[in-house]
> 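Provided herewith is a single structure, encoded as C-alpha cells, for subsequent inquiry.
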Amino acid sequence: MFDLRTELAGTIDNRDGSWGFIRRFATAWSTPLSEGDGYDAADLDAAEQRLGLRLPTILREAYALLGRRGDLTSNQDRLLTPEELYIDDTGQVLVYRLENQHVAEWGVPLDALERKDSRTVYRTSMADRSAELWAPWLDRLSLAFVEIVLSETLIAEEELFNFLDLAPGDIALVEAAYERLAMPAYPADEPSIVWFAGPDVLLRQDAGVCLMVRARTTEALDEVYETLDGEWNL
C-alpha cells in the first residue's frame, strides 16, 4: 500500500530519490510512468541549440521521465515543452514553468545551470514591472519537480478535490488531524506553503488562509469533511 507520509520521508533528499518517489506516486495516484511519457534526447538537444546553452542535467532527466505527462505537470500551471523553454527578459533565468494566467514564472538562474541540482526561483507579475524580482523557490530542481507533481495532481480529479477558506482555529485542527509531509515549507524567501497527508488524502495549506484537499476515493474525501467542518467551496 502506498502511504504518502512514509513514501516521501527520506526519499527526496537527492535526485534519484525524487525520481523514485515520482514513479511510485504516479502509479498510486494516477497511472504508471512509461517510456513514452518523456521527451527524447533529440528534443532536448534541439532546445539547447535554440537557447545556446546546456540544460541542467536534472531538467533533462525530468523531461525525459515525465515531460509529456500533462496529468502530472500541467493541470493548472504548465510545464513548458522543450520548444517553449525561454530566457527571461532580464537575461538571468531559464524559465521552465508558467502559471495558468501567466502571472507567475518558475525557472533556474543561468549562473546555477552547471550545479548538480540547481536551485530554483520564481517571479510574479506586478503592475510596476520594475518591481518584478526573482525570488528563491526551492533549493533543488529535483525537489521542484516533486512539488509540481504534488500540486498538479492535487487538482487532477475535480470530483475528488475541494478547498476550504481557513478560519483562525482551523490550522490547529489540520495539524492535529494530519501528518505534515517531509517537504520543506516554501517559497524559500517567505515560507507559506505546507503539505499534509492522511489515509488516501493529500492536503496543501497556503499561507494559513486556504486548504486544498485531494482524495483518492470519495470515502476518504467524506472523512475530511467530517474532520474539518467548514464552508467548503465545491
> So do L138 and P184 actually touch side chain to side chain, heavy atoms under 4.5 Å?
yes
> Below 4.5 Å, heavy atoms only, C-beta onward: do L141 and L59 meet side chain to side chain?
yes
> State plainly whether the residues E84 and R78 are in salt-bridge range, i.e. N to O under 4.0 Å.
yes
> As a quick check of understanding, evaluate side chain to side chain contact (heavy atoms under 4.5 Å, CB included) for M212 and L203, giving each step before the final call.
CA-CA 6 Å; M212 293 182 282; L203 307 95; over 6 Å; no
> For D117, is there an ion pair with R15 - N to carboxylate O distance below 4.0 angstrom?
no
> Test ring-ring contact (aromatic ring centres under 6.0 Å, His included) on W134 and Y122; report intermediate values, then the result.
CA-CA 5 Å; W134 288 100; Y122 77 107; 8.2 Å; no
> Does the side chain of V213 come within less than 4.5 Å of F161's, by heavy atoms?
no
> Yes or no on side chain to side chain donor-acceptor pair (under 3.5 Å) for Y178 and W195, after CA distance, side-chain angles and deciding distance?
CA-CA 10 Å; Y178 301 100; W195 290 89; over 6 Å; no
> Within a strict 4.5 Å, meaning less than it, do heavy atoms of the E61 and T57 side chains meet?
yes
> Just wondering, do L72 and W29 contact through their side chains at under 4.5 Å, heavy atoms?
no
> Quick one: does L150's side chain get under 4.5 Å of F145's, heavy atoms only?
no
> Once you round to the nearest 0.5 Å, how far does CZ of R50 lie from CG of L85?
6.5 Å
> Less than 4.0 Å between a side-chain N and a carboxylate O, is that true for R68 and D43?
yes
> Between L133 and V121, is there shared hydrophobic-cluster membership here, with clusters defined by ILVMFWY side-chain heavy atoms closer than 4.5 Å?
no
> Can you check salt bridge (charged side-chain N to carboxylate O under 4.0 Å, His left out) on D111 and R119, steps first, answer last?
CA-CA 10 Å; D111 63 8; R119 71 183 189 277; 3.1 Å; yes
> Hydrophobic clusters here meaning ILVMFWY residues chained together by side-chain heavy-atom distances under 4.5 Å, can you tell me if L202 and L166 are in one?
no
> Side chains of Y39 and E83: donor-acceptor distance under 3.5 Å anywhere?
no
> Examine the side chains of S151 and R204 and answer whether a donor and an acceptor come within less than 3.5 Å of each other.
yes
> Which residues satisfy the salt bridge (Lys or Arg N to Asp or Glu O under 4.0 Å) test with D13, sequence neighbours excluded?
none
> Taking C-beta and beyond as the side chain, do F163 and L211 meet within less than 4.5 Å on heavy atoms?
no
> Are T120 and Y96 packed together at the side-chain level, in the sense that at least one heavy-atom pair is separated by less than 4.5 angstrom?
yes
> Using the six-membered ring wherever Trp is involved, compare the ring planes of F21 and F2 and label them parallel, tilted or perpendicular (cut-offs 30° and 60°).
tilted
> With a 4.0 Å cut-off, would you call D89 and R123 a salt bridge?
yes
> Does atom CG (D139) have a neighbourhood of more than 12 heavy atoms from anything else shown, all under 6.0 Å?
no
> Decide whether N162 and Y225 meet the rule of one side-chain donor and one side-chain acceptor closer than 3.5 Å.
yes
> Any salt bridge linking R97 with E152? Criterion: basic side-chain nitrogen under 4.0 Å from a carboxylate oxygen.
yes
